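All chains are named by letter (A, B, ...) in the order of the sequence lines, taking the proteins before the strands, and each is independently numbered beginning at 1. We use all heavy atoms of the structure for the numbers below, so side chains are in, but hydrogens, waters and symmetry mates are not. A quick note: this is a predicted structure, and the numbers were derived from the prediction, not measured.
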Number of protein chains: 2
Amino acid sequence: MPDATHAAKKDDKPRRRLSSDERRADFIQKSIKLFAEEGFESSTRELARRLGVTQPLLYRYFPSKQDLVSAVYDEVYVRRWRPEWEALIADRSRPLTERLCAFYGVYTDAIFHPDWIRIYLYSGLKGEEINARYMRVVTTRILAPIFAEVRHEAGLPERAPTEEEIDKLWVIHGGIFYFGVVKLVYAKTPPRHKDSAVAFGVRAMIEELKREFSEEERAPRR
Amino acid sequence: MPDATHAAKKDDKPRRRLSSDERRADFIQKSIKLFAEEGFESSTRELARRLGVTQPLLYRYFPSKQDLVSAVYDEVYVRRWRPEWEALIADRSRPLTERLCAFYGVYTDAIFHPDWIRIYLYSGLKGEEINARYMRVVTTRILAPIFAEVRHEAGLPERAPTEEEIDKLWVIHGGIFYFGVVKLVYAKTPPRHKDSAVAFGVRAMIEELKREFSEEERAPRR
DNA sequence: TTGCTTGTTTATCGAGTGAAAAATTAACCT
DNA sequence: AGGTTAATTTTTCACTCGATAAACAAGCAA
């Protein structure tokens with residue numbers, strides 16, 4: 001009797017054959033979907049089933065399942081970052097609020113997808129190093145520049161943010177991100193008020209930062 | 001030869017015996033730790049190993065692993081909620097900012113533990129119904145009351161928040177929660193600036209809400 | 001057609017999974 | 001002491017997991 005545990009197709013009439021590159025890309029794309037849905041413990045057999053191939057074929061393209069996971073990380077984390085985002089934040093020809101709303105508009109357009117958010121959360125829970133690296137990138141490429149721009153708009157001299165100040169920025173940045181988690185992961189509904197939620201967070205962050213800066217001016221520390 | 005896959009202790013000298021209630025509670029407490037660390041796919045054998053008992057004993061106390069998971073949900077979600085939190089928010093004898101800082105102080109004291117946060121994230125990714133229920137509780141017992149208090153402090157008539165306004169409150173509430181995620185899950189370090197991060201979020205939220213209310217007063221909708 | 005390359009399947013292994021049934025034994029009650 | 005209850009272990013099953021080796025077959029070049 002035929003072993004069904006590796007069956008590729010029910011009707012094995014049209015057994016097409018892909019080039020090495022196509023097949024590899026197919027594995028990664030379908031893995032993103034599967035891992036996002038069910039986590040990284042998803043079986044290689046379920047993945048193969050979705051691809052319409054048998055399970056051992058995976059090991060022709062990836063030495064181990066962990067190598068496939070790493071390829072998924074690379075595709076999701078690294079390839080979706082747009083360097084032009086950083087220029088958007090620092091473009092002083094536009095009002096700061098407008099700039100930051102524009103930045104968080106395109107940033108959330110990029111990451112507010114169930115695939116991205118769920119893989120991010122899963123890998124974070126796994127304690128993957130790439131997660132910590134991503135957090136450092138956010139800190140230095142987004143939060144610190146925002147801090148510098150708010151100070152500039154407030155007419156204050158440039159200064160590196162303290163750890164505590166970065167934490168305050170994380171509350172807003174994380175709040176915007178977590179708004180996406182609530183909508184896409186928990187409620188499974190499109191984020192209808194994304195723009196006004198972003199604008200609320202941006203304005204609240206800028207104004208509260210300015211307020212704290214002016215208090216600091218009045219009573220300098222140390 | 002003895003089968004090691006179910007071994008409880010190496011030295012089986014002191015084989016103590018617990019009461020039904022103690023053992024059941026022990027299963028739940030150790031499950032919280034284990035599931036928080038490794039997710040709900042953790043094996044029942046690993047759990048038994050940590051308890052110092054054999055794996056089939058679990059099935060004397062829980063019909064299935066899923067029943068154990070449900071017991072963990074109950075312990076973590078339901079039992080940690082403090083009804084007095086709601087009174088804290090509505091206590092108009094104190095200034096609103098102070099009230100909300102106090103509320104978020106004790107609320108984060110309750111939930112800013114790796115166990116709670118990780119189980120919350122894991123169960124949310126699994127799409128568990130209890131997660132959606134918790135979100136509704138947060139909305140009606142925390143966010144809507146905060147909305148009412150801000151309006152009251154602004155001298156405005158009572159009014160139910162729109163979905164869009166609740167979303168704005170989620171940005172701050174979620175931001176405070178996600179600050180805990182960043183510290184406890186990603187960075188694995190105690191949230192040193194918890195109080196000032198909370199105060200930042202609270203003040204930013206209150207002031208920005210007031211600002212939007214006053215704009216609304218100037219140009220009423222519809 | 002022949003023959004070679006390579007994408008793909010078949011078959012299988014060893015370890016680990018949740019769960020059921022039955023045997024064992026510690027603790028309590030007369 | 002003896003006897004009973006119930007906590008715990010032993011044994012085992014059917015299944016799933018990631019991974020390997022070998023057989024097969026589609027496409028292409030001669």
Exercise. Rounded to the Å, how far apart are A:Leu68 CG and D:dA19 C1'?
Worked result: 14 Å
For this session: Quick one: sort the B:Tyr77 and B:Tyr120 rings into parallel, tilted or perpendicular, breaks at 30° and 60°.
Result: tilted
Exercise. Taking B:Ser196 as the fixed residue, which of A:Lys168, A:Glu164, A:Glu212 is the one that meets the side chain to side chain donor-acceptor pair (under 3.5 Å) rule?
Worked result: A:Glu164
For this session: Go through residues 36-44 of chain B and report each residue with a non-hydrogen atom lying under 4.0 Å from DNA chain C, sorted by number.
Result: B:Ser42, B:Ser43, B:Thr44
Exercise. Separation of B:Arg45 atom CZ from D:dT10 atom P, in whole Å?
Worked result: 13 Å
Exercise. What ring-ring contact (aromatic ring centres under 6.0 Å, His included) pairs are there with at least one residue in residues 30-68 of chain B, not counting sequence neighbours?
Worked result: B:Phe27-B:Tyr61, B:Phe35-B:Phe40, B:Phe40-B:Tyr73
Exercise. Who pairs with B:Arg80 by salt bridge (Lys or Arg N to Asp or Glu O under 4.0 Å), at least two apart in sequence or on another chain?
Worked result: none
Problem set entry | Counterpart residues, side chain to side chain donor-acceptor pair (under 3.5 Å), relative to A:Lys194 (two or more places apart) | A:Thr108, A:Asp109
Exercise. Starting at CD of A:Gln55 and ending at C1' of D:dA19, how long is that distance when rounded to a whole Å?
Worked result: 7 Å
Exercise. Partners of A:Glu98 by side chain to side chain contact (heavy atoms under 4.5 Å, CB included), sequence neighbours excluded?
Worked result: A:Arg94, A:Pro95
Problem set entry | Whole-Å distance separating the CG atom of B:Leu58 from the P atom of C:dA21 | 16 Å
Seminar exercise, completed: Across all chains, not counting sequence neighbours, the side chain to side chain donor-acceptor pair (under 3.5 Å) partners of A:Arg203 are B:Glu208
For this session: To the nearest 10°, let me know how far the axis at one end of the helix from C:dT1-D:dA30 to C:dT30-D:dA1 is tilted from the axis at the other, five pairs an end.
Result: 10°
Side-chain donor-acceptor pairs under 3.5 Å in residues 170-181 of chain B, sequence neighbours left out?
from: B:His173; atom 1: ND1; to: B:Tyr104; atom 2: OH; distance (Å): 2.7
from: B:Tyr178; atom 1: OH; to: B:Tyr186; atom 2: OH; distance (Å): 3.3

For this session: List in chain and number order the residues that pass side chain to side chain contact (heavy atoms under 4.5 Å, CB included) with B:Glu86, two or more places apart in sequence or in another chain; answer none if no residue qualifies.
Result: B:Trp81, B:Arg141
Exercise. When the distance from CD of B:Glu46 to C1' of C:dT17 is rounded to whole Å, what number comes out?
Worked result: 13 Å
Problem set entry | Atom-pair distance (CG on A:Leu47; C1' on C:dT8), nearest Å | 15 Å
Exercise. Taking only residues two or more places apart in sequence, or in another chain, which ones meet B:Glu129 in a salt bridge (Lys or Arg N to Asp or Glu O under 4.0 Å)?
Worked result: B:Arg133
Problem set entry | side chain to side chain contact (heavy atoms under 4.5 Å, CB included) partners for A:Thr140, two or more places apart | none
Can you check nucleotides 1-7 of chain D for protein contacts, nitrogen or oxygen pairs under 3.5 Å, and list what you find?
from: D:dA7; atom 1: O3'; to: B:Leu18; atom 2: O; distance (Å): 3.4
from: D:dA7; atom 1: N3; to: B:Arg17; atom 2: NH2; distance (Å): 2.7

